[in-house]
Every structure is written in structure tokens, then in C-alpha cells.
Amino acid sequence: MFWKFDLHTTSHIDTLLEKDDVTLTEVMDEEDVLQECKAQNHKLVDFLVRPQCMEDLVGYITQEPNDDVEEKIKYKYPNISCELLTSDVSQINDMLGEDENLLMKLYSFLQNEPPLNPLLASFFSKVLSILIGRKPEQIVEFLRKREDFVDLMIKHIGTSAIMDLLLRMLTCIEPQQLRQDVLNWLNEEKVIQRLVDMVQPSQDEDRHSNASQSLCEIIRLSRDQMFQVQGCSEPDPLLATLEKQETVEQLLSNIFDKEKNDSAVVSVIQILLTLFETRRPAFEGHLEICPPGMNHPSFSVNQSILDAVRPRLKDFHQLLLEPPKKTVLNTTWGVLDPPVGNTRLNVVRLVTSLLQTNTHIINQELIALNTLGVILDMYFKYLWNNFLHTQVEICTAMILALPSTQSESPEINRENDQEPIRENILIKHLFQKCQLLQRILDAWGSNEKEQAEGGRRRGYMGHLTRIANSIVHNSDKGPNGAQIQQLISELPEEDRERWEAFTSGQLADINKKNTVDLVNTHHIHTSSDDEVDFKDSGFHQDSSIQQAFSDYQMQQMTSNFIEQFGFNDEEFADQDDVGDIPFDRISDINFSLNTNESANMALFEACCKEKIQQFEDAGSDEEDIWDEKDVTFAPEAQRRPSSGSTDSEESTDSEEEDGKRDPFESTNATSDDRMEVDSGDAIFSHLKICLIDELVSVKVKIPKDPLRSNSPVAMETSIETVDPLGVNAPMQQEKPASDRITETVTNGSMKETVSLTVDAKTETAVFKSFVLHPPVTSSPPPLFSTRSEQCTANPEAAVNGPA
């Protein structure tokens with residue numbers, strides 16, 4: 001075996017640690033030091049938790065490397081030190097979290113003047129974050145003793161790693177009570193107010209961005225925590241402070257009461273957008289975020305936020321008209337003077353969020369300022385800004401789909417037989433003051449004219465198509481459909497006719513082009529469909545059979561069946577070597593059939609009329625069917641029996657199909673002469689004999705398991721004396737014995753004898769048919785032909801019996 005060669009190799013670190021004068025740098029120079037540390041190599045861990053080694057490791061991540069060190073290896077040891085301290089080894093965590101001197105050395109990194117080294121700051125944040133997760137009580141207690149901790153965090157908020165550390169304190173503390181204590185402590189330290197003060201034009205862009213992102217994440221984390229922990233009785237103090245009207249007013253005052261700063265304005269709007277995140281469906285087609293029936297405070301807009309924003313709507317409207325100064329932008333499609341800019345794009349987003357609240361006083365203020373008209377002007381002016389086009393599309397679709405508020409204008413007078421309509425002032429403003437329909441028609445016509453002259457299709461046409469479709473859809477099925485239809489009817493006649501022609505013509509054509517037929521469901525005919533053998537039968541198939549077969553198919557398609565579908569590798573191996581091959585084939589089928597005996601009788605009679613020519617009575621003028629055949633006969637003494645066989649060669653394909661149909665029952669059957677026969681094609685060979693001679697009537701009963709090929713069926717026979725050839729045809733009939741029934745029919749020169757023998761001991765039944773032919777000179781005369789069938793009630797008995 002391979003282990004006898006002792007291939008296990010000893011780590012080189014173990015050999016190195018056996019030296020008395022080994023240093024930390026020598027250990028960190030080893031390539032597998034991190035792997036051995038995470039594997040908790042005892043010698044290595046004991047070496048690293050030495051007080052001097054721990055102090056050196058913390059020093060590497062908190063102190064700037066010397067400038068004379070080569071740049072390639074300048075941050076090698078700080079990086080390895082950070083990885084060793086965050087390897088999540090319990091001995092290292094205990095040593096670092098319980099030694100206050102090491103924590104003070106680690107904390108001293110925050111006392112450096114900004115800006116902090118971003119790489120070292122990431123190392124510091126990573127080490128302190130894992131300590132907060134592993135030693136929350138000790139670390140929180142240590143930080144609360146530092147009076148300048150919050151001041152230093154806000155001071156270095158421009159460094160992304162410090163911002164991440166602040167958010168870690170809100171997410172990594174597992175005990176709920178301890179987390180609540182931390183939130184109360186940070187709220188007492190006024191961390192929200194300090195972050196708000198960072199978002200003003202006097203601060204740099206990094207502080208704007210990180211402070212705004214911190215506030216946004218605090219809002220989302222607090223709301224998620226309130227949703228997940230519904231049993232918590234104490235509200236989130238940080239979220240409550242953020243949603244206060246005074247806090248929002250301070251944010252807006254920072255950007256409007258001082259010089260305009262693009263970065264500060266965008267940061268404040270991002271905070272407001274986060275506060276307006278209601279997590280509810282805005283309009284049809286948008287993803288529903290809020291669970292149905294959720295009435296939690298965190299999923300609704302606080303009224304104090306709207307009260308603080310409403311007086312500043314005119315300032316936001318002015319930003320759309322006079323944005324912060326931007327340099328002229330030359331593009332491949334022309335000169336943008338001024339460009340849209342990030343400020344105006346976020347103002348449009350804010351207007352969309354305000355419309356989503358569907359507040360009457362906000363709607364009235366936007367209508368008075370004509371903010372929607374200015375936004376539409378921007379839409380048609382900036383042809384290629386799809387960010388703006390998307391927001392305008394969402395804005396218009398929301399106005400069309402939102403129901404009117406209860407405090408809006410009174411109901412529109414309608415006819416007496418119709419329900420009154422509550423007017424939506426935004427829709428009325430959009431159709432009348434903003435003239436949305438006319439502007440859509442004008443823009444569509446201008447685009448087609450430019451394209452006809454060889455120009456390009458305008459960039460907003462796709463969004464314009466969707467806006468037009470939204471109008472058509474909401475006029476038919478939307479909650480404001482009646483009002484939209486009334487507003488369209490009030491348009492000037494020329495505009496109304498243009499709109500109707502546009503929706504039925506150009507808009508319908510472009511929708512047809514945009515509709516993709518993903519699959520063609522028409523049946524594809526193959527050459528095999530034309531073959532006669534595969535044509536469907538003309539007989540009605542019982543729906544119960546179809547349903548039973550469908551249920552059977554669904555029953556068998558299980559995961560076990562799918563896993564074992566196909567070939568098994570062991571099937572191709574030598575069977576002598578395989579001793580435990582599982583038998584996984586489907587061996588049993590269980591379903592029941594409810595047959596209708598009257599339907600089966602009708603089916604049997606229809607089969608007889610189609611497949612068998614009926615015999616006429618003696619008074620018929622037609623020629624006897626037997627006169628047209630060439631028959632031969634031989635003396636009865638020369639007959640020799642032939643081996644028992646089925647009539648599969650003599651049966652036609654249609655008769656074989658009939659044999660596989662539903663069983664049938666004769667009305668004159670008796671229960672005295674009952675026997676068991678196999679339900680194969682031989683049954684219907686016997687049925688053919690009985691049908692031709694009309695001597696016996698047959699009743700076949702469906703077994704309990706009709707799909708087993710060798711399952712027996714019960715057949716009852718009754719004897720009736722019938723003259724199939726007329727009164728003038730001679731017929732001889734023998735008296736049946738107790739176990740034998742024989743019938744002889746003579747037709748001219750041909751005589752046929754049919755016999756049925758039942759053996760109670762062996763439980764077998766034998767059919768025999770002897771046909772005596774007259775001699776014919778044109779061909780060698782066969783002595784006689786014999787048909788013999790054996791039926792048994794024993795499933796193990798042979799199908800064919802002795803002659």
C-alpha cells in the first residue's frame with residue numbers, strides 16, 4: 001500500500017519554529033504560513049499569540065511602512081498580518097479581544113489625521129469587524145469608553161473602510177438587546193445629525209457620497225430589521241431620527257440655502273429616494289416588493305417627510321429649469337448645452353417617487369408648478385438620453401394607473417344609468433395642460449418625416465410607443481378608463497381623428513412588428529402519417545380508457561423512474577460477475593375500467609355488420625356464397641389431424657384490431673357452461689367460427705387486470721339450433737354429451753363440423769372445426785382441413801392444445 005512509503009511531508013514552518021532565534025518576519029516569509037494558521041498548526045499558533053508577536057502584527061496594520069521600503073513589498077507584511085489576525089483562530093481572537101493594550105494600539109489608527117491610508121484602513125476595519133462579530137460584548141464596552149470614537153468615525157467618513165465599519169456595528173452584533181443598546185448609544189451621540197452635516201457644499205465629494213450612502217443603508221437595515229423581528233417592542237432610534245421632519249428639513253436646507261453643489265444635491269436626493277421606498281407596486285407591470293396585506297410602518301411613507309418636502313418643491317422645480325452649471329458637451333449626435341446632468345435626472349426620479357405616494361397636496365403643488373410639463377419638454381428635447389426617457393415613461397404610466405385620491409375634485413356628472421366618476425386631477429392636467437396626445441402625434445410624425453428623408457429613428461421612439469400603449473390600455477381597462485375616454489372625446493375633432501387613426505394604424509402596425517411569435521403550434525405532418533396502418537380507428541374510444549392510461553403514465557414518471565431510465569452499466573457486464581442486479585423494471589400496472597355492457601354490445605354488432613357479410617334466408621334470390629368457391633373433399637377415413645394452431649394467418653388486420661377492443665356480451669348467454677380462456681387473438685378466431693355458423697353466442701368478461709397478456713377471461717356459451725343456410729339446407733345435429741358439444745353443417749358438397757370439448761379434470765376447453773371438401777381435378781385435393789383450439793383457465797397452460 002502507498003502509506004507504507006510515508007509520503008506525509010512535514011511543514012517547513014515546524015522545522016523553522018524549532019529554532020530558538022526565529023523571528024516573525026521569517027515566519028511570514030513562508031509561503032504556507034496562512035494555510036498552516038487556518039489549519040491551526042499548534043506550533044505556529046503558539047508562536048503567533050506571544051505578546052511580542054501580537055504587538056508586531058497589530059503594528060504592521062496600524063503604522064505606515066517606511067518610505068525607503070521597495071514599493072513591491074511595502075505592504076507585504078501588513079497584508080499577511082491582517083490575514084493572520086482575521087484567520088478566525090480562537091486563540092488569536094481571545095488574545096486580541098481581551099488584551100486592552102492591543103486594542104488601544106489598534107484603536108490608535110483612528111487618531112491619525114485624515115485622509116487615512118485607504119489600504120491600511122481596510123486592514124484596520126477588517127480586524128475590528130471580526131472582533132465585533134466574535135467578541136461583541138468586550139469590543140462594544142471598549143468602544144463606549146472611548147469618548148471620541150463617534151467623532152473620529154465621522155471625521156474619517158470620507159474613507160470607505162470607516163463607513164463600512166460603522167455599518168458593521170449595526171449588522172454584525174447578534175444579541176438583540178446588545179444591538180439595541182448600540183443603537184441607543186449611537187443615537188445619543190447624534191450620529192445621524194453628524195452625518196447630515198457632512199452633506200453640504202462645504203464638504204468634499206467623498207464625504208457627500210459616503211455620508212449619503214451610510215444614511216441610506218441605515219434606513220434600509222433598520223426597516224429590514226423591523227420587518228424580520230416583529231416581536232421587538234422598541235423602535236429603531238436611528239430610523240426614527242432620520243424620519244423626523246427636522247432632520248429632512250436640515251438636509252434640504254444644506255443644499256438650497258447655500259450655494260448649489262451638484263454632488264450635495266444628488267446625495268440629498270438619494271437619501272430622500274430611500275425614505276420614499278414604500279416597497280409597494282407602483283403600477284401595472286412593476287415588481288411587487290411589499291408582501292400582500294403588509295401594514296407595517298416601515299412599508300409606508302412617513303407624513304413628516306412629505307410635510308418637509310412640500311415647501312421645497314418649487315426649489316426642485318427650479319433645479320429643472322436652472323441646474324448647476326455644466327460645461328457644454330459635444331457628442332456624436334450634436335451639442336448638448338446644457339446636458340441633462342445627474343442633478344436633473346435625480347430630480348425627475350424624485351418627482352416620480354412623490355407621484356407614487358399619491359398625496360393630494362403634493363399633486364396639487366406639482367400641477368401648480370407645471371413640473372410635469374417641464375419634464376415632458378426635457379423628454380422631447382434630449383433625444384438620446386434613455387435614462388431620462390425611462391423615468392418619464394414610469395411617471396406617465398403611474399399617473400394613468402393610480403386611482404384618484406378621496407380629497408380630489410368631486411365626481412364627474414355622468415348619465416343617469418351609469419356610475420359617476422371621480423376625477424383624477426393629474427390625468428386632466430396631463431391631457432389638457434401638457435397636451436400629451438398632441439405631442440405624441442407631432443413627435444411621431446416628425447420622426448417618420450426624418451426617416452423618410454434618410455435620417456435615423458429618434459432615440460425616444462421606443463419609450464413613446466410604450467407611453468401610447470399605456471394610454472390605450474388604461475382607457476380600456478384601467479381604473480381611470482372612463483375619464484381618459486371622456487378627455488379624448490373632448491379633444492378638438494382634428495386631434496381626435498388623428499389619434500384614432502394613429503392607434504388603429506401606425507401604433508397597431510408597430511405593435512405587430514414588436515410581437516414575436518416564439519413557437520408555431522401547427523402540427524407538422526410526416527411521411528408516416530400517410531400510411532394506412534397508422535390511421536386512427538373510426539370507432540369511438542371510451543374516455544375512461546384514455547384517462548386511465550394518462551393516469552398510468554403520470555404515475556410511472558417519478559424521480560426514481562427518471563434516474564433509472566436508460567441502460568445500466570451492469571447490463572453490459574458478464575452476468576456471472578454480477579450477483580446483485582436490482583430488478584427495476586415496471587412489472588405491475590394497476591388501474592380499473594368501468595365498462596358499459598350496452599355500449600359493448602352495440603360495438604360488437606357494428607363490428608359484425610362491417611366485418612362479416614350477413615347470410616340471407618332461403619327465400620333470397622341471391623346466389624349462395626359457397627357456390628363460388630372451389631372446394632375438394634376426401635373420404636372421412638383419410639382425414640388426418642393437423643396440429644392445433646390459431647387463426648392468426650386467416651384473420652385480417654381489421655379483425656386483429658377488433659380483437660383488441662373492448663370486450664362484448666351477448667344477451668342470451670347462460671351461466672351453466674362457463675370456462676376460462678386466454679384473452680389473446682385466439683379468442684377472436686373462435687369468435688369468427690361462432691359468428692359464421694351462428695351456433696353459439698359468446699360472452700367475454702374483462703378480468704381485474706386487463707393488461708396482463710396471460711390473464712384468463714370467463715366465457716359463457718349457449719347452444720341454439722339455427723339454420724344459417726335456409727330451410728331447404730339439410731342439417732344434422734348430434735345430441736351433446738355431458739362434456740362435448742358438436743355441430744355439423746352441410747352445404748352442397750361441403751360439410752363442416754364444429755365441436756367443443758371441455759375437460760373438467762385438466763380445466764381445459766378444445767375447439768375443433770372439420771371441413772370436408774369435394775374433389776377438384778385442377779389441383780391436388782387436400783384430404784381435409786382441421787382447426788383446433790384449446791383454452792384453459794390455468795395461466796400456466798399452453799395456448800395451443802392437441803388436435
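One is the number of the first residue; the rest follow in order along the sequence. These numbers come from a predicted model, not from an experiment. No hydrogens, no waters, no symmetry mates; every other heavy atom, side chains included, goes into these values.
- Listed by chain and residue number, E205, H208, N261, S267 satisfy the side-chain contact (heavy atoms from CB on, under 4.5 Å) test with S263 (two or more places apart in sequence, or in another chain).
- A salt bridge links E83 and K126; the closest N-O separation between the charged side-chain nitrogens and carboxylate oxygens is under 4.0 Å.
- Counted within 6.0 Å of CD on E490, heavy atoms from surrounding residues, nucleotides or ligands total more than 12; the atom is thus considered enclosed.
- Among all heavy-atom pairs drawn from L320 and I375, the shortest one is CD1-CG1, 4.2 Å.
- Residues D377 and Y382 bring no donor and acceptor atom of their side chains to less than 3.5 Å of each other.
- Within a 6.0 Å radius of CZ in R194, other residues, nucleotides and ligands contribute more than 12 heavy atoms.
- The 12-atom threshold is exceeded at NZ of K155, counting heavy atoms of other residues, nucleotides or ligands nearer than 6.0 Å.
- Donor-acceptor pairing under 3.5 Å is recorded for the side chains of Q364 and H360.
- Put simply, NE2 on H317 and CG on D315 are 11.0 Å apart, with the number rounded to the nearest 0.5 Å.
- More than 12 heavy atoms of other residues, nucleotides or ligands shown are found within 6.0 angstrom of CZ on R439.
- With 3.5 Å as the limit, one finds no donor-acceptor pair spanning the side chains of E246 and Q250.
- Remark: S353 OG to L273 CG distance equals 4.5 Å, nearest 0.5 Å.
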Pair L366-H429, side-chain contact (heavy atoms from CB on, under 4.5 Å): steps then yes or no: CA-CA 10 Å; L366 292 176; H429 173 74; over 6 Å; no
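- Around atom CD of E494, no more than 12 heavy atoms belonging to other residues, nucleotides or ligands sit under 6.0 Å away.
- Shown here for V309 and L252, the closest heavy-atom pair between the two residues is CA-CD1, 4.1 Å.
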Anything under 3.5 Å between a donor and an acceptor, one on a side chain of residues 322-330, the other on a protein residue two or more places apart or in another chain? List them.
from: E322; atom 1: OE1; to: Q318; atom 2: NE2; distance (Å): 3.4
from: E322; atom 1: OE2; to: Q318; atom 2: NE2; distance (Å): 3.3
from: K326; atom 1: NZ; to: D262; atom 2: OD2; distance (Å): 2.8

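- The shortest side-chain heavy-atom distance between N474 and I427 does not fall under the 4.5 Å cut-off.
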Given R458 and E450, is the salt bridge (charged side-chain N to carboxylate O under 4.0 Å, His left out) satisfied, shown in steps? CA-CA 9 Å; R458 295 181 179 179; E450 290 182 8; 2.7 Å; yes
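- Contact of the V347 side chain with the I269 side chain is registered, since non-hydrogen atoms from C-beta on lie closer than 4.5 Å.
- Contact check on K428 versus E423 returns a salt bridge, with a Lys/Arg side-chain nitrogen under 4.0 Å from an Asp/Glu carboxylate oxygen.
- There is a side-chain donor-acceptor pair under 3.5 Å between N346 and Q270.
- A side-chain donor from one of Q451 and N447 sits under 3.5 Å from a side-chain acceptor of the other.
- Annotation for S253 and R312: closest pair CA-NH2, 4.0 Å, computed over non-hydrogen atoms.
- Donor-acceptor pairing under 3.5 Å is lacking for the side chains of N424 and Q483.
- Remark: E243 engages R223 in a salt bridge, criterion side-chain N to carboxylate O under 4.0 Å.
- Closest heavy-atom contact between R496 and I488: CD-O, 3.6 Å.
- Applying the ring pair (Phe, Tyr, Trp, His ring centres under 6.0 Å) definition to pairs two or more places apart or across chains, those involving residues 481-516 are W444-F502, W499-F502.
- No side-chain N or O of Q438 forms a donor-acceptor pair with one of D442 less than 3.5 Å apart.
- Inspection of the N187 and T241 side chains reveals an N or O donor paired with an N or O acceptor under 3.5 Å.
- F124 is not listed as a side-chain neighbour of L116, based on a closest heavy-atom distance of 4.5 Å or more.
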Could you go through E365 and K314, starting from their C-alpha distance and side-chain angles, then the distance that decides it, and tell me whether this counts as salt bridge (charged side-chain N to carboxylate O under 4.0 Å, His left out)? CA-CA 8 Å; E365 188 72 21; K314 60 181 183 299; over 6 Å; no
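- In this structure the side chain of N79 never reaches within 4.5 angstrom of the side chain of L119, judged on heavy atoms.
- Between Y460 and Y379, the ring planes are tilted. Angles from 30° to 60° get that label.
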